[in-house]
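First comes the structure, then the notes that go with it.
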Amino acid sequence: MRVLITGGGGFIGAHLADLLRERGELGGRRIGALALADQALPETAGETAIRGDLTQPAVMAKVATFRPDVVFHLAAVPGGASEADYALGRRVNLDASLSLFEALAASGTRPTVVYASSIAVYGTDLPDLVTPRTPLRPPLTYGAHKQVCEILLADFTRRGLLDGRSVRLPGIVARAKSSAGLSSAFMSDILHALKAGETFTCPVGPEATAWWMSAQRCAENLVHAAVMDASRADPGRAWPLPVLRLSIGDIIDTCSARYGESRRGLVSFQPRPDVEAVFGRYPRLDDASARALGLRDDGSADDLVRRALGEIN
């Protein structure tokens, strides 16, 4: 099996690549070739490194030449950066994704494509329970482009050209501090600060709720999405990953229980209405359809924190 990860040098891509290297197989088939595509990649023996971004014809030509059986499409300009630079966000998140789908479809091999979409497609002012019938109203350009790509991938699947599976990623933690362009970076930063015993000013209040997942669990879900039986699934071929819905207060409680009660006094709050409206008002999520396909959350808040900070696998 030949496997490609776009965005393979990024936070989630690196976790996914490590997991595939460790397992050496996908769906019972040996991984014979692994290619990573990104602007910057480490030198790794025995792997194909495709350096550059997908907006470059030379990079897309290398992807086509590799002829992957399975593609994990993670490459993207994050939400804050996309909002600040519309042209860049469109080139990478929309135009390059469509070009990738077309290049893969032209191979004639009908590869499986796992697309990293986002809960950003849902928008704000959500009902008390988000279900598969909840209308999608993305509040930012990033979410709009993700929704468009979900529709395009489903259409390529309908036409028999690709086997697409879009999974909507929640807040994935714990990224490196000050992750550029990510409006939700505070979700990772608070975990790092509380473990290290450092002060932290939170841009949302203690009651703010978000949907959380560790990077390790995310990688496991992406791998499962590539091999799960989606033949009887919704023709939209898009699912939210199962999540833990936790408030900032829940995170502080969990970290204080694990790293010491003194952690409680390290967090101060300066809520920003724009951040809290988008990242601090997530309601309950009906993710039954995703769970029925074998996708899963981190299990508990404590397991989420430990897995996110590299204390358990």
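Hydrogens, waters and symmetry mates are skipped; everything else that's a heavy atom, side chains included, is used.
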Open item on the list: Classify the ring geometry of Tyr86 against His145: parallel below 30°, tilted from 30° to 60°, perpendicular beyond 60°.
Closed with: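 Ring orientation, 0 to 90° scale: tilted.
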TODO: Decide whether Ser231 and Asp229 meet the rule of one side-chain donor and one side-chain acceptor closer than 3.5 Å.
DONE: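 The answer is yes; a qualifying pair exists.
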Open item on the list: Can you see whether Asp253 engages Ser256 through a side-chain donor-acceptor pair at a distance of less than 3.5 angstrom?
Closed with: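 Short answer, no.
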Nearest-0.5 Å distance that lies between atom [atom1] in [X] and atom [atom2] in [Y]:
| X | Y | atom1 | atom2 | value |
| --- | --- | --- | --- | --- |
| Leu161 | Phe156 | CG | CZ | 6.5 Å |
| Met213 | Leu304 | CE | CG | 9.0 Å |
| Thr209 | Ile251 | OG1 | CD1 | 11.5 Å |

Task: Within 45° cone and under 6.0 Å: Arg245 NZ/CZ vs Tyr282 ring - done: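 The answer is no, since Arg245 fails at least one limit relative to Tyr282.
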TODO: Identify whether NZ of Lys or CZ of Arg in Arg272 sits under 6.0 Å from the centre of the six-membered ring of Phe186 and within 45° of that ring's axis.
DONE: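 The answer is no, since Arg272 fails at least one limit relative to Phe186.
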Open item on the list: More than 12 heavy atoms of other residues, nucleotides or ligands under 6.0 Å from CD of Glu261: yes or no?
Closed with: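 It does: Glu261 CD has more than 12 such atoms within range.
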- [ ] Evaluate whether atom CZ of Arg2 has more than 12 neighbouring non-hydrogen atoms of other residues, nucleotides or ligands under 6.0 angstrom away.
- [x]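 More than 12 within 6.0 Å, yes.
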Task: In one Ile/Leu/Val/Met/Phe/Trp/Tyr side-chain cluster, 4.5 Å: Leu98, Met60 - done: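 Yes, Leu98 and Met60 fall within the same hydrophobic cluster.
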- [ ] Locate the shortest heavy-atom distance separating Val121 from Lys146; write the atom from each residue and the value.
- [x]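 Reported closest heavy-atom pair: CG1-CB, 3.9 Å.
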Open item on the list: So Leu19 and Glu220, do their side chains get closer than 4.5 Å, heavy atoms only?
Closed with: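 Yes; the side chains approach each other to less than 4.5 Å.
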